[in-house]
Amino acid sequence: MSALSLNVDFHSHSTISDGMLSPSALAARAKANGVDVWALTDHDELAGIPEAREAAAALNMRFVTGVEISITWAGKTIHIVGLNIDENNHDLIQGLAKTRSGRERRARDMSADLAKRAGIEGVYEGALKYVGNPNLISRSHFARYLLEIGACSSVSDAFKKYLSEGKPGYVPHRWATLEEAVSWIRGAGGAAIVAHPGRYDLTPIAYDSFFREFKALGGVAIETVTGSHSVDQYDEYTRIANQYGFLVSRGSDFHSPDDAEVDIGKLPAMPKASKPVWETWFSA
């Protein structure tokens, strides 16, 4: 079996960050859906890795350590995935702790803004029922509560109406820098990958500047086949990867069975022109 033929899912989230399944339940779903190699990439947090690794081993499924780091670049929030990391690396642990700090204050400010500008009270308290890790309350938890109370038609609709820039409930947060995130990942022995690059509101000139800076800092890959991309973007970002000399990665960005664009393990095959980041990590 070639590296491209492996059913790889290197982007998913558990209750440790903003997913709805525990690491072990997520592993079981991945295995049931035919995943050959799986990575848990919780937001700015490594605490789910031991359970995920143990569950994957019990299921005879290959496991890769991972994390998704939130960064601020040119005033925009962008996500950088780290794969094959040492989760015990001191600088990575300390950097993620720094990145997580301030989430609760931001969440309370979001709730106050929703009450003031949209007349929706108590969203912070309502969102807490969906939070597995109190240090990682996020917009996704707010979106689920807004859906529950009928303020929107879906999780994605909640982001469009309330939780994106310029809308009630959006409060910016200063995350890590691109340089910090790539440095932490590389220092932990891992590969730095741009998560779902087609999702960001950047101009072509800004994208070019970002990709060049990412590469200069030691970033090695971008996600191409992902649940956050349209079908047309699979080939588009494969071409972009080849243009900049990046490898490619693949992942569903799975959070919940109820609001998944693509279920974990159910992504289509990689385009043939792809050069996968995992090609040299293990034998097929």
Side-chain angles (χ1 to χ4, degrees), residues 1-13 30 33-43 61-71 73 78-85 178 181-182 184-186 188-200 202 204 206-254 260-284:
M1 183 183 292
S2 70
L4 283 178
S5 299
L6 289 170
N7 187 350
V8 168
D9 200 312
F10 283 165
H11 192 155
S12 61
H13 301 276
N33 285 351
V35 171
D36 297 309
V37 195
W38 169 57
L40 176 67
T41 56
D42 277 320
H43 290 285
M61 180 172 59
R62 289 170 173 161
F63 178 73
V64 170
T65 51
V67 67
E68 185 175 15
I69 303 177
S70 308
I71 71 159
W73 187 88
I78 294 174
H79 294 156
I80 305 296
V81 166
L83 295 177
N84 249 353
I85 53 170
L178 177 61
V182 174
W184 298 335
I185 291 166
R186 295 185 70 202
I193 297 152
V194 180
H196 38 61
R199 205 172 82 178
Y200 307 118
L202 298 174
Y207 265 116
D208 178 68
S209 178
F210 174 75
F211 285 140
R212 290 182 186 278
E213 182 178 346
F214 178 67
K215 188 174 181 66
L217 290 169
V220 299
I222 64 175
E223 288 183 350
T224 55
V225 177
T226 161
S228 294
H229 279 178
S230 66
V231 174
D232 290 344
Q233 287 178 317
Y234 301 159
D235 287 326
E236 176 187 355
Y237 280 94
T238 298
R239 290 193 299 271
I240 289 171
N242 292 333
Q243 174 187 341
Y244 287 92
F246 290 130
L247 301 172
V248 301
S249 191
R250 177 179 191 260
S252 58
D253 196 9
F254 181 85
E261 294 290 335
V262 177
D263 202 351
I264 189 168
K266 294 299 185 179
L267 287 164
M270 302 288 287
K272 291 182 180 179
S274 302
K275 300 174 183 177
V277 68
W278 63 86
E279 189 165 28
T280 61
W281 291 354
F282 33 71
S283 60

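- Here the closest non-hydrogen pair linking Ser249 and Leu83 is OG-CD1, 4.0 Å.
- Of the possible donor and acceptor atoms, none in the side chain of Asn33 sits under 3.5 Å from a partner among the backbone N and O of Lys266.
- In this structure, the side chains of Ile264 and Trp38 come closer than 4.5 Å at one or more pairs of heavy atoms.
- Under a 3.5 Å cut-off, the side chain of Tyr207 and the backbone N or O of Pro197 do form a donor-acceptor pair.
- For Ser209 against Trp73, the heavy-atom pair with the smallest separation is OG-CZ2, 3.9 Å.
- Among all heavy-atom pairs drawn from Ala191 and Val220, the shortest one is CB-CG2, 3.7 Å.
- Classification of the Phe214-Phe210 ring pair by plane angle, with boundaries at 30° and 60°, yields parallel.
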Exercise. Kindly indicate, with the supporting measurements, whether the criterion side-chain contact (heavy atoms from CB on, under 4.5 Å) is fulfilled by Trp281 and Asn84.
Key: CA-CA 9 Å; Trp281 291 354; Asn84 249 353; 3.2 Å; yes
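- One N or O on the side chain of His13 and one on the backbone of Thr41 form a donor-acceptor pair closer than 3.5 Å.
- In plain terms, the two heavy atoms of Ala221 and Val248 that are nearest each other are CB-N, 4.1 Å.
- Counting only heavy atoms from C-beta outward, the side chains of Thr224 and Arg239 never approach each other to under 4.5 Å.
- Annotation: side chain of Val35 is not in contact with side chain of Val8 (no heavy-atom distance under 4.5 Å).
- Relative orientation of the His79 and Tyr200 rings is perpendicular, given thresholds of 30° and 60° on the angle between their planes.
- Side-chain atoms of Asp36 do not come within 3.5 Å of backbone N or O of Leu6 as any donor-acceptor pair.
- Here the side chain of Thr226 pairs a donor or acceptor atom with the backbone of Ser228 at under 3.5 angstrom.
- Separation of atoms CD (Gln243) and OG1 (Thr238) is listed at 12.5 Å; rounding is to 0.5 Å.
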Quiz prompt | Ile80 and Leu178: CA distance, side-chain angles, deciding distance, side-chain contact (heavy atoms from CB on, under 4.5 Å) verdict | solution = CA-CA 8 Å; Ile80 305 296; Leu178 177 61; 3.9 Å; yes
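- Side-chain atoms of Arg186 come within 3.5 Å of backbone atoms of Leu217 as a donor-acceptor pair (strictly under, hydrogens ignored).
- Checked by atom type and distance alone, the side chain of His229 pairs as donor or acceptor with a backbone atom of Gly198 at under 3.5 Å.
- Inter-residue side-chain proximity for Ile69 and Trp184 is flagged as met; some heavy-atom pair is nearer than 4.5 Å.
- The shortest distance between side-chain heavy atoms of Glu223 and Phe10 does not fall below 4.5 Å.
- Residues Tyr234 and Ser274 form no side-chain contact, since every pair of their non-hydrogen atoms from C-beta on lies 4.5 Å or further apart.
- Counting all heavy atoms, side chain and backbone alike, Lys215 lies closest to Gly245 at NZ-O, 3.3 Å.
- Within a 6.0 Å sphere centred on CD of Glu213, heavy atoms belonging to other residues, nucleotides or ligands number more than 12.
- To the nearest 0.5 Å, atom CG of residue Leu40 and atom CD of residue Glu68 are 11.0 Å apart.
- Not one N or O on the side chain of Arg250 forms a donor-acceptor pair closer than 3.5 Å with the backbone of Asn7.
- The shortest distance between side-chain heavy atoms of Phe246 and Ile193 does not fall below 4.5 Å.
- Here the closest heavy-atom approach between residue Gly227 and residue Leu267 is recorded as N-CD2, 3.7 Å.
- Note that CG of Leu247 is 9.5 Å distant from CG of Asn242, once rounded to the nearest 0.5 Å.
- A donor-acceptor pair is defined here as one N or O able to donate and one able to accept, closer than 3.5 Å; no such pair exists between the side chain of Ser252 and the backbone of Val262.
- With hydrogens and angles disregarded, no donor-acceptor distance shorter than 3.5 Å links the side chain of Asp253 to the backbone of His11.
- Side chains of Trp278 and Val64 form no contact here, defined as non-hydrogen atoms less than 4.5 Å apart.
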